[in-house]
Amino acid sequence: MVQPIATRSELVTAPQGRVASAILWGAAGIGGLTLLAAAALWFHYGTAVFFEMITAGISACF
């Protein structure tokens, strides 16, 4: 009869908690950079540009 070379526990290379934590930290970093970029554009161009974009988007939907 054929015996398995490795057991199931030996096949796992990284703990699931560590992978999930890395994904969570990566998503949080990308989200933080996105918010930082939006704030930088807000201060550079002012509020008028953003409000014009919002009103243009709403008028395009309706």
Side-chain angles (χ1 to χ4, degrees):
M1 181 170 222
V2 177
Q3 297 294 325
I5 296 173
T7 63
R8 181 161 175 78
S9 63
E10 292 174 352
L11 295 176
V12 177
T13 57
Q16 294 298 322
R18 186 175 294 171
V19 173
S21 178
I23 291 171
L24 183 64
W25 279 107
I30 290 172
L33 288 176
T34 302
L35 287 176
L36 183 65
L41 289 173
W42 182 282
F43 287 117
H44 180 69
Y45 291 113
T47 59
V49 174
F50 288 96
F51 289 132
E52 289 175 8
M53 289 175 58
I54 289 170
T55 56
I58 290 173
S59 66
C61 289
F62 301 108

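Keep in mind that this is a model prediction, so the values were computed, not measured.
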**OP:** Examine Tyr45 and Ile54 and state if one hydrophobic cluster contains both, with Ile, Leu, Val, Met, Phe, Trp and Tyr joined whenever side-chain heavy atoms are less than 4.5 Å apart.
**Re:** yes
Original post:
Does Trp42 share a hydrophobic cluster with Leu33, counting links as ILVMFWY side-chain heavy atoms below 4.5 Å and allowing steps through other members?
Top reply: no
Subject >> Same cluster (ILVMFWY, side-chain, under 4.5 Å), Ile30 and Trp25 >> reply: no
